[in-house]
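A, B, ... follow the sequence lines: proteins, then strands. Residue 1 opens every chain. Computed from a prediction, not measured in an experiment: that's the story for all the values here.
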Amino acid sequence: AQSVAQPEDQVNVAEGNPLTVKCTYSVSGNPYLFWYVQYPNRGLQFLLKYITGDNLVKGSYGFEAEFNKSQTSFHLKKPSALVSDSALYFCAVRDTGNEKLTFGTGTRLTIIP
Amino acid sequence: AAGVIQSPRHLIKEKRETATLKCYPIPRHDTVYWYQQGPGQDPQFLISFYEKMQSDKGSIPDRFSAQQFSDYHSELNMSSLELGDSALYFCASSLKAGELFFGEGSRLTVL
């Protein structure tokens with residue numbers, strides 16, 4: 001079975017500061033990992049993914065994530081937060097041989113001006 | 001670039017009624033997914049189709065059914081609606097094992 005944990009329901013960061021949104025996963029095979037962002041009453045927008053290769057993945061809007069196999073983590077990061085980054089962020093995982101994505105419970109990121 | 005198109009965007013039904021949601025995937029994508037997102041919840045996988053054949057099934061109630069047609073569009077049919085079915089329903093599409101691209105969702109309200 002595949003699962004994702006996002007331990008923080010809410011993360012508050014001052015504008016201009018670095019941000020981290022945490023995600024850990026559990027799979028039986030090799031993980032495909034994703035981050036999505038959701039604005040109010042909108043669909044989920046793809047930010048970035050890890051399939052294979054470099055552990056540091058760069059994505060949209062200046063976000064990046066680091067795949068850490070030993071810690072089974074895939075934390076989302078950004079060096080300098082913008083107020084417009086305030087949204088709901090979902091980590092998702094797909095196990096080898098599976099099609100469906102399993103989402104975490106989401107982390108609400110609030111950037112304080 | 002073309003995105004996933006869902007209709008209707010908003011739907012209001014009464015208990016025990018039937019609703020049908022439609023999804024038009026991104027052209028040439030071979031897999032379609034349906035997800036349900038309740039208020040304040042994460043998206044829950046319902047069902048998926050690969051090349052018009054059902055490929056995986058999640059927590060989809062027996063009252064719900066879905067299919068993918070020859071033109072690759074998909075429909076989610078929901079019968080005997082209950083208050084708890086009120087949610088955002090997302091369709092997504094992907095190419096092989098790539099990332100999912102989501103539509104803007106259909107908000108179903110059951111009164």
Side-chain angles (χ1 to χ4, degrees), chain A residues 1-10 21 23-25 27 29-53 57-60 63 65 74 76 87-108, chain B residues 1 3-7 9-10 21 23-26 29-51 53-60 66 68 86-109:
Chain A
Q2 57 192 39
S3 65
V4 173
Q6 292 181 245
E8 302 155 317
D9 291 336
Q10 172 83 38
V21 183
C23 170
T24 58
Y25 66 89
V27 295
N30 293 318
Y32 294 173
L33 294 156
F34 305 81
W35 276 100
Y36 284 84
V37 60
Q38 186 176 32
Y39 296 95
N41 297 312
R42 301 295 300 277
L44 291 91
Q45 296 178 35
F46 170 74
L47 278 180
L48 51 79
K49 66 180 178 184
Y50 171 83
I51 303 297
T52 186
V57 179
K58 294 188 183 296
S60 306
F63 284 94
F74 189 58
L76 181 70
L88 188 57
Y89 289 80
F90 287 100
C91 183
V93 69
R94 169 193 276 153
D95 202 347
T96 310
N98 277 354
E99 286 179 355
K100 67 180 183 185
L101 283 187
T102 297
F103 287 87
T105 51
T107 299
R108 184 164 301 282
Chain B
V4 176
I5 306 297
Q6 291 188 246
S7 67
R9 291 295 310 279
H10 302 273
L21 306 181
C23 169
Y24 295 84
I26 292 173
H29 278 194
D30 53 22
T31 309
V32 167
Y33 311 77
W34 285 98
Y35 279 82
Q36 177 193 57
Q37 187 178 29
Q41 304 293 313
D42 53 291
Q44 294 293 314
F45 172 72
L46 294 178
I47 196 167
S48 63
F49 293 86
Y50 172 73
E51 288 291 343
M53 298 289 291
Q54 181 182 312
S55 52
D56 199 357
K57 200 171 183 180
S59 51
I60 183 169
Q68 188 176 26
S86 295
L88 262 174
Y89 289 83
F90 289 108
C91 176
S93 70
S94 73
L95 183 60
K96 297 181 181 178
E99 62 269 29
L100 275 62
F101 292 88
F102 284 80
E104 290 296 319
S106 295
R107 181 174 293 283
L108 172 66
T109 303

Residue from A/Gly43, A/Gly104, A/Ala92, A/Gly106 scoring the most non-hydrogen pairs under 4.5 Å with chain B is A/Gly43
Between A/Phe46 and chain B, which part of the residue has a heavy atom less than 4.5 Å away: side chain, backbone, both or neither?
side chain
Are side-chain heavy atoms of B/Tyr50 and B/Asp30 found at a separation under 4.5 Å?
yes
Side chains of B/Leu46 and B/Tyr89 in contact at under 4.5 Å (non-hydrogen atoms)
yes
With a 4.5 angstrom heavy-atom cut-off, which part of A/Lys100 approaches chain B: side chain, backbone, both or neither?
both
How would you list, by chain and number, every residue that makes a side-chain hydrogen bond (donor to acceptor under 3.5 Å, both in side chains) with B/Glu51, sequence neighbours excluded?
B/Tyr72
Does any heavy atom of chain B fall under 4.5 Å from the side chain of A/Arg42, the backbone, both, or neither of them?
both
B/Tyr35 side chain vs A/Leu101 backbone, donor-acceptor pair below 3.5 Å:
yes
Let's test your reading of the structure: which of A/Arg108, A/Gln38, A/Gln45 forms the most heavy-atom pairs below 4.5 Å with chain B?
A/Gln38
I'd like to verify something: which residue of B/Gly105, B/Gly98, B/Ser48 has the highest number of heavy-atom pairs under 4.5 Å with chain A?
B/Gly98
Under the side chain to side chain contact (heavy atoms under 4.5 Å, CB included) test, which residues partner B/Ser106, sequence neighbours left out?
B/Gln6, B/Leu21
